[in-house]
J.: 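Right, I'll just put the structure down here and ask away after.
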Amino acid sequence: MWYPGHINKAKRKIKEYLKAVDTVLIVLDARAPFATTAFERNIFTGKNILYVLNKADLANKKYTKLWMEKIKETSPVISFSKAESVNKIKGFINSHSKKKLGETRVLIAGVPNVGKSTIINKFSGRKLAKTGMAPGITRGLQWINLGSVKLLDTPGILYSKLFNKDVAAKLLLIGSLPVESIDKYDIITRAYEIFKVELNLDKTFEEFLEEYGKKRGFISKGGNIDFERTKNNLFKAISEGKFGFFTYDKEVALWMQE
Ligand SMILES: Nc1nc2c(ncn2[C@@H]2O[C@H](COP(=O)(O)OP(=O)(O)O)[C@@H](O)[C@H]2O)c(=O)[nH]1
Ligand SMILES: [Mg+2]
């Protein structure tokens, strides 16, 4: 399973910086709020934890509402998407944090690609943090100063071993795990099984790929479909919502925030 060294480094750095913050803004993907908690949340124990259900524009609204209600039972949460005004998050942080010496220091955390850097950039109004489709694009740690709020962007974190196949498959569907990095074929086929329910498909993965690759002209020299290219293009399209807006985590009962 994909686990670059920089994620280990990110965890060490986060632990170091945690001493300087009181509030942690955990960014989850609204399409998979449970799968996007696949990291050691106990490193944040004792901190004021706030949740953002991000990319709500790509999720099924009915489930976002259910997840909001569930998470609210234990922690403050808001839903968000990059099309909205960041004042929503500013207000949320201000109403749920205690200022120390006149300022609130907030660390933003989450698995790769949930939109942490995009939020930071909206906050600053400038393009400071690098954003992008490639998970792991945020490497170093940087503070963004905004009057009384100081924000720290961090690189994505994940469990070093994703034992749960469903979690890995959902992280693949939302683009938090790059498909190129997945060496276990059963995770890819599991992702397709989860995805096909949303579209009511009865095709096998191979049939679907064949059709998708042909339609886009991804043909290799021998005349067969270019499997790698088709697979990579397909999972990128799914994660960007090209097939529709789906919530893959439907069981809110999975939420057990201590
Ligand atoms: N549709 C949609 N895309 C988003 C949203 N937030 C971020 N993105 C996209 O998701 C990708 C990853 O964002 P980034 O901020 O780099 O994620 P990070 O790895 O958590 O820092 C980028 O292509 C963003 O444009 C959102 O609310 N909606
Ligand atoms: Mg980032």
Side-chain angles (χ1 to χ4, degrees), residues 1-2 4 27-36 38 53-64 67 79-84 110-119 130-138 156 158 162 165-221 223-250:
M1 175 58 72
W2 178 76
V27 182
L28 304 175
D29 190 308
R31 295 169 292 176
F34 178 71
T36 48
L53 279 186
N54 200 35
K55 302 200 184 185
D57 57 318
L58 299 178
N60 177 323
K61 289 190 170 49
K62 180 182 96 184
Y63 285 103
T64 301
W67 275 105
S79 66
F80 193 66
S81 92
K82 67 178 178 184
E84 292 181 78
V111 304
N113 223 42
V114 287
K116 301 176 292 298
S117 298
T118 303
I119 290 173
K130 279 191 194 135
T131 62
M133 267 314 289
I137 224 166
T138 308
L158 262 181
L162 285 167
K165 206 197 289 178
D166 266 32
V167 168
K170 287 170 187 172
L171 291 175
L172 169 59
L173 289 171
I174 63 168
S176 285
L177 279 178
V179 67
E180 297 90 327
S181 72
I182 294 175
D183 48 17
K184 293 195 180 80
Y185 196 62
D186 59 343
I187 291 177
I188 296 176
T189 50
R190 180 74 194 117
Y192 174 72
E193 294 301 316
I194 295 169
F195 167 72
K196 93 177 196 189
V197 172
E198 302 297 333
L199 288 176
N200 252 316
L201 299 168
D202 52 12
K203 297 182 182 72
T204 66
F205 183 46
E206 285 71 22
E207 287 165 354
F208 186 78
L209 266 188
E210 182 84 28
E211 200 176 282
Y212 184 82
K214 264 193 194 142
K215 216 185 274 172
R216 275 157 192 79
F218 297 156
I219 310 293
S220 57
K221 278 199 182 113
N224 295 320
I225 70 148
D226 181 339
F227 178 76
E228 279 303 303
R229 189 167 170 212
T230 304
K231 176 182 65 123
N232 297 349
N233 184 286
L234 171 68
F235 281 99
K236 188 170 180 288
I238 295 174
S239 72
E240 289 172 352
K242 301 269 163 69
F243 288 90
F245 306 141
F246 312 126
T247 298
Y248 303 112
D249 273 329
K250 294 184 167 59

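All values below come from the heavy atoms of this structure, side chains included, with hydrogens, waters and symmetry mates left out.
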J.: Please work out which of the three classes, parallel, tilted or perpendicular, describes the rings of Phe205 and Tyr192, given edges at 30° and 60°.
T.: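 Because their plane-to-plane angle lies in the 30° to 60° range, the rings of Tyr192 and Phe205 count as tilted.
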
J.: Go through the steps for Glu180 and Lys236 under the test salt bridge (charged side-chain N to carboxylate O under 4.0 Å, His left out), then give the verdict.
T.: CA-CA 11 Å; Glu180 297 90 327; Lys236 188 170 180 288; over 6 Å; no

J.: With side chains defined as the heavy atoms from C-beta onward, is the minimum distance between Leu173 and Ser239 less than 4.5 Å?
T.: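 Result no, sub-4.5 Å side-chain heavy-atom pair not found.
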
J.: Is it the case that the side chain of Asn113 and the backbone of Gly175 share a donor-acceptor pair, with hydrogens and angles ignored and the cut-off at 3.5 Å?
T.: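 Indeed, once roles are kept as given, a pair shorter than 3.5 Å links the two residues.
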
J.: For the side chain of Trp67 and the backbone of Asp249, is there at least one donor-acceptor N/O pair under 3.5 Å apart?
T.: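 Such a contact is found between Trp67 side chain and Asp249 backbone.
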
J.: Compare every heavy atom of Lys116 with every heavy atom of Gly156, then report the nearest pair and how far apart it is.
T.: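 Between these two residues, the closest heavy atoms are CA-NZ, 3.8 Å.
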
J.: I need the Lys221 NZ to Asn224 CG distance, nearest 0.5 Å.
T.: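 Reported to 0.5 Å precision, the distance equals 13.5 Å.
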
J.: Would you find a donor on one side and an acceptor on the other, under 3.5 Å apart, between the side chain of Ser79 and the backbone of Ala56?
T.: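 No: the side chain of Ser79 does not pair with the backbone of Ala56.
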
J.: Do you know the tightest heavy-atom contact between Leu171 and Ala35?
T.: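 Reported closest heavy-atom pair: CD2-O, 3.6 Å.
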
J.: Return the set of residues passing salt bridge (Lys or Arg N to Asp or Glu O under 4.0 Å) with Lys61 (not counting sequence neighbours), or none when no residue passes.
T.: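 If we apply the salt bridge (Lys or Arg N to Asp or Glu O under 4.0 Å) test to Lys61, skipping adjacent residues, there are no hits.
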
J.: Which atom names give the shortest non-hydrogen contact between Asp226 and Thr230, and what distance separates them?
T.: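 In this case the closest contact between Asp226 and Thr230 is O-OG1, 2.7 Å.
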
J.: May I ask you to test the Lys184-Ile187 pair for a side-chain heavy-atom distance under 4.5 Å?
T.: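 In contact.
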
J.: So does Val27 get a backbone contact from the side chain of Asn54, meaning a donor-acceptor N/O pair under 3.5 Å?
T.: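 No, because the side chain of Asn54 does not come within donor-acceptor range (under 3.5 Å) of the backbone of Val27.
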
J.: Please evaluate residues Arg31 and Phe246 with respect to the criterion side-chain contact (heavy atoms from CB on, under 4.5 Å), reporting the C-alpha separation (whole Å), side-chain torsions for both, the decisive distance (0.1 Å), and the verdict.
T.: CA-CA 6 Å; Arg31 295 169 292 176; Phe246 312 126; over 6 Å; no

J.: Might you point out which heavy atoms bring Val167 and Ala38 nearest each other, and give the distance in Å?
T.: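 That closest heavy-atom pairing would be CG1-CB, 3.9 Å.
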
J.: How long is the gap from CD on Glu193 to CG on Asp186, to the nearest 0.5 Å?
T.: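 These two atoms lie 11.5 Å from each other.
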
J.: Rounded to the nearest 0.5 Å, how far apart are NZ of Lys231 and CG of Leu209?
T.: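 With rounding to 0.5 Å, NZ (Lys231) is 9.0 Å from CG (Leu209).
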
J.: Are any non-hydrogen side-chain atoms of Leu234 and Phe243 less than 4.5 angstrom apart?
T.: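 Side chain of Leu234 against side chain of Phe243, heavy atoms only: contact under 4.5 Å found.
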
J.: Tell me if the aromatic rings of Tyr248 and Phe195 count as close, with their centers under 6.0 Å from one another.
T.: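 When the ring centroids of Tyr248 and Phe195 are compared, they turn out to be at least 6.0 Å apart.
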
J.: Can you see which heavy atom on Val114 is nearest to which on Leu28, and at what distance?
T.: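 Between these two residues, the closest heavy atoms are CG1-C, 4.3 Å.
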
J.: How long is the straight-line distance from NZ of Lys242 back to CG of Asn233, given to the nearest 0.5 Å?
T.: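 Rounded to the nearest 0.5 Å, the CG-NZ separation comes out at 8.5 Å.
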
J.: Using the ring of Phe208 (Phe, Tyr or Trp, six-membered ring only), decide whether Lys196 places NZ or CZ under 6.0 Å from its centre and within 45 degrees of its axis.
T.: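 The answer is no, since Lys196 fails at least one limit relative to Phe208.
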
J.: Could you check whether any side-chain N or O of Thr247 sits under 3.5 Å from a backbone N or O of Ala59, counting only pairs where one atom can act as donor and the other as acceptor?
T.: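 Not a single qualifying donor-acceptor pair exists.
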
J.: Identify the two heavy atoms, one from Leu177 and one from Ala168, that lie closest to each other, and give their separation to 0.1 Å.
T.: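 So the two residues come closest at CD1-O, 3.7 Å.
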
J.: Who are the side chain to side chain contact (heavy atoms under 4.5 Å, CB included) partners of Ile219, not counting sequence neighbours?
T.: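 Side chain to side chain contact (heavy atoms under 4.5 Å, CB included) check on Ile219 returns Lys214, Ile225.
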
J.: Answer whether the closest heavy-atom distance between the side chains of Asp57 and Lys55 falls below 4.5 Å.
T.: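 They are in side-chain contact.
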
J.: For the pair Thr189 (side chain) and Tyr185 (backbone), establish whether a donor and an acceptor sit closer than 3.5 Å, ignoring hydrogens and angles.
T.: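 Answer holds: yes.
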
J.: How far does CZ of Phe80 sit from CD1 of Ile119, to the nearest 0.5 angstrom?
T.: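 One finds 6.0 Å between CZ of Phe80 and CD1 of Ile119.
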
J.: Apply the side chain to side chain contact (heavy atoms under 4.5 Å, CB included) test between Tyr212 and each candidate in Arg216, Lys215, Glu210; give the one that qualifies.
T.: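 So the option named by the test is Arg216.
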
J.: What distance do Lys170 atom NZ and Leu162 atom CG have between them, rounded to the nearest 0.5 Å?
T.: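 Nearest 0.5 Å value for the NZ-CG distance: 13.0 Å.
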
